[in-house]
Amino acid sequence: MGVIADIETPALILDRAKLEANIARMRDRLAGLGVGLRPHVKTAKSIDVVRPVLVGQPGGITVSSVDEAVYFSQHGVNDILYAVGVAPSKLPRLIELSRQGTDISVVLDNSDAANACNRAACAAGVQLPFLIELDVDGHRSGITPESPALLNLAAAVQDMPGVRLKGVMTHAGESYNCRSEPELVAMAEQERSGAVLAAERLRRAGYECPIVSIGSTPTALFANRFDGITEVRAGVYMFMDLVMAGLGVCDISDIALGVVVSVIGHQPEKNLVIADGGWMALSRDRGTANQPIDQGYGLVCDVLGIPFTSDLIVIATNQEHAIIARRDKGPVDPLRFPVGTLLRILPNHACATGAQHGAYHVVNGANPNVEHVWARIAGSSSVHQVTHTHTI
Ligand SMILES: Cc1ncc(COP(=O)(O)O)c(C=O)c1O
């Protein structure tokens with residue numbers, strides 16, 4: 001497989017030791033609190049990353065795109081939750097997976113979506129299980145746990161033979177905006193109690209609600225209890241990133257993912273180093289912009305992933321160029337970073353940075369060898385034939 005120094009840059013790099021430690025941390029925490037994991041694979045997008053995550057777990061996964069669902073089912077995962085409110089255009093491929101024997105569930109929060117699922121499933125002769133999406137934090141979509149709309153939706157689907165209510169789910173995305181440990185703990189409890197309340201309301205009204213699914217990396221790692229919860233979904237924890245480090249969810253040294261770039265020049269009068277990893281390699285994510293420490297477009301480390309004491313960050317990106325400077329804008333000695341020097345840039349948001357690449361170059365700590373190149377499905381969608389039918 002060669003050594004890191006031979007990798008053509010920019011390239012996505014994954015430290016297996018850190019990946020394994022992050023996987024073990026989540027597994028042990030959830031096991032200690034007595035709940036199973038349904039990992040979200042939208043960051044990983046690779047069976048090689050996800051296989052060890054599933055060891056000792058019930059075996060189901062969460063996906064954010066139909067492509068992920070197809071890819072992971074082709075690699076033997078047969079219990080898949082597609083956890084984005086379902087759009088009608090995605091139903092044919094999801095239903096095809098169901099016909100092929102994959103246990104595929106969708107999420108929805110309105111009767112229009114339920115009707116679309118019902119029509120498509122009935123036409124195909126299948127039944128689509130679904131979870132009602134809850135809004136526990138005002139972050140995005142979903143029904144609030146105490147809303148009358150919850151029971152109204154459950155009632156509406158009773159007459160729809162193509163869909164089957166299986167439970168409730170929520171994702172406390174606002175946890176990414178917490179600023180202290182007590183806030184994270186409180187957000188985790190808000191997520192848990194909201195989901196449990198909704199499940200209890202459904203059950204009291206006579207509906208079955210076997211699944212109560214919650215999760216985000218910050219809430220999964222800061223929850224003190226999971227009573228009433230049947231599964232936790234977390235995803236970015238496998239890699240961690242600067243946003244998670246800024247939240248206090250991990251240390252910088254836990255970040256398993258990076259982009260290896262080469263120095264291609266300098267602007268000495270401006271105290272800048274230029275490298276060959278622009279937003280095409282790093283993404284344009286600025287997730288740390290509103291955190292106490294703004295990491296620009298990424299934290300610059302040596303090739304082994306150790307940050308420089310002079311605190312270098314990517315202050316700007318062009319398509320293929322990273323513009324690197326000291327955080328305090330102080331002088332940078334060009335001789336310290338000759339052309340060709342390899343640097344590792346830690347990402348703000350692992351999902352966004354990973355999505356720019358088609359493979360992981362897997363390394364292990366300070367060992368210079370590249371152990372494996374693991375394929376990942378890049379992007380979130382591909383071109384598929386959609387058959388449009390018009391009803392008059
Ligand atoms: C529905 C859903 N569940 C779970 C997750 C996992 O969150 P995290 O990546 O913070 O672990 C996400 C992430 O966006 C999500 O959208």
Side-chain angles (χ1 to χ4, degrees), residues 19 22-23 25-27 29-30 35-46 49-50 53 57 60-66 68-69 72 80-87 90 104-109 130-143 166-178 184 187-188 190-192 194-195 198 211-223 226 229-250 254-257 283 285 287-288 291 347-355 380:
L19 173 76
N22 293 336
I23 291 172
R25 179 182 170 201
M26 182 66 76
R27 185 193 56 222
R29 171 142 197 108
L30 298 188
V35 71
L37 174 69
R38 176 184 286 277
H40 204 314
V41 299
K42 67 180 196 158
T43 325
K45 284 184 162 67
S46 160
V49 173
V50 170
V53 174
Q57 301 296 343
I61 61 168
T62 314
V63 299
S64 65
S65 73
V66 183
E68 288 164 29
F72 280 97
I80 298 178
L81 173 66
Y82 170 61
V84 180
V86 65
K90 294 175 178 133
I104 183 111
S105 307
V106 297
V107 309
L108 46 90
D109 67 358
F130 75 96
L131 305 181
I132 295 180
E133 183 174 9
L134 303 170
D135 174 9
V136 291
D137 59 357
H139 186 69
R140 55 182 191 205
S141 41
I143 297 173
K166 206 165 103 172
V168 292
M169 60 79 70
T170 192
H171 163 69
E174 271 302 295
S175 61
Y176 280 46
N177 293 323
C178 290
L184 286 165
M187 183 58 77
Q190 186 173 319
E191 185 184 46
R192 186 202 70 84
I211 307 290
V212 187
S213 176
I214 63 171
S216 72
T217 289
T219 51
L221 289 173
F222 280 81
F226 287 111
I229 300 302
T230 63
E231 62 182 29
V232 169
R233 305 179 320 277
V236 80
Y237 77 93
M238 300 170 207
F239 306 92
M240 293 300 186
D241 56 25
L242 293 169
V243 168
M244 289 298 127
L247 276 176
V249 169
C250 68
D254 296 324
I255 299 174
L257 200 68
S283 87
D285 193 278
T288 55
Q291 291 191 331
N348 276 327
H349 187 173
C351 307
T353 300
S380 60

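Ligands are counted one by one from 1 in listed order, and the atoms in each one are counted from 1 as well.
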Would you give me the side-chain donor-acceptor pairs under 3.5 Å for residues 241-249, sequence neighbours excluded?
residue: D241; atom: OD1; partner: V243; partner atom: N; Å: 3.3
residue: D241; atom: OD1; partner: M244; partner atom: N; Å: 3.0
residue: D241; atom: OD2; partner: A350; partner atom: N; Å: 2.8

Legend entry - Check: G215 main-chain N/O paired with H171 side-chain donor or acceptor under 3.5 Å: yes
Check: every ligand 1 N/O to protein N/O pair under 3.5 Å:
residue: ligand 1; atom: 3 (N); partner: R233; partner atom: NE; Å: 3.1
residue: ligand 1; atom: 3 (N); partner: R233; partner atom: NH2; Å: 3.0
residue: ligand 1; atom: 9 (O); partner: V236; partner atom: N; Å: 3.1
residue: ligand 1; atom: 10 (O); partner: Y176; partner atom: OH; Å: 2.5
residue: ligand 1; atom: 10 (O); partner: T217; partner atom: N; Å: 3.0
residue: ligand 1; atom: 11 (O); partner: T217; partner atom: N; Å: 2.9
residue: ligand 1; atom: 11 (O); partner: T217; partner atom: OG1; Å: 2.6
residue: ligand 1; atom: 11 (O); partner: G235; partner atom: N; Å: 2.6
residue: ligand 1; atom: 11 (O); partner: V236; partner atom: N; Å: 3.4
residue: ligand 1; atom: 14 (O); partner: K42; partner atom: NZ; Å: 2.6
residue: ligand 1; atom: 16 (O); partner: R140; partner atom: NH2; Å: 2.7

Inset, instruction - Just jot down the side-chain hydrogen bond (donor to acceptor under 3.5 Å, both in side chains) partners of T62, sequence neighbours excluded, or say none. - result: none
Inset, instruction - Compute whether any side-chain donor of one residue and acceptor of the other, for S216 and S175, lie under 3.5 angstrom apart. - result: yes
Inset, instruction - Inspect the contact between E68 and K42 and indicate whether a charged nitrogen and a carboxylate oxygen are less than 4.0 angstrom apart. - result: no
Legend entry - Counterpart residues, side chain to side chain contact (heavy atoms under 4.5 Å, CB included), relative to A223 (two or more places apart): A188, F226
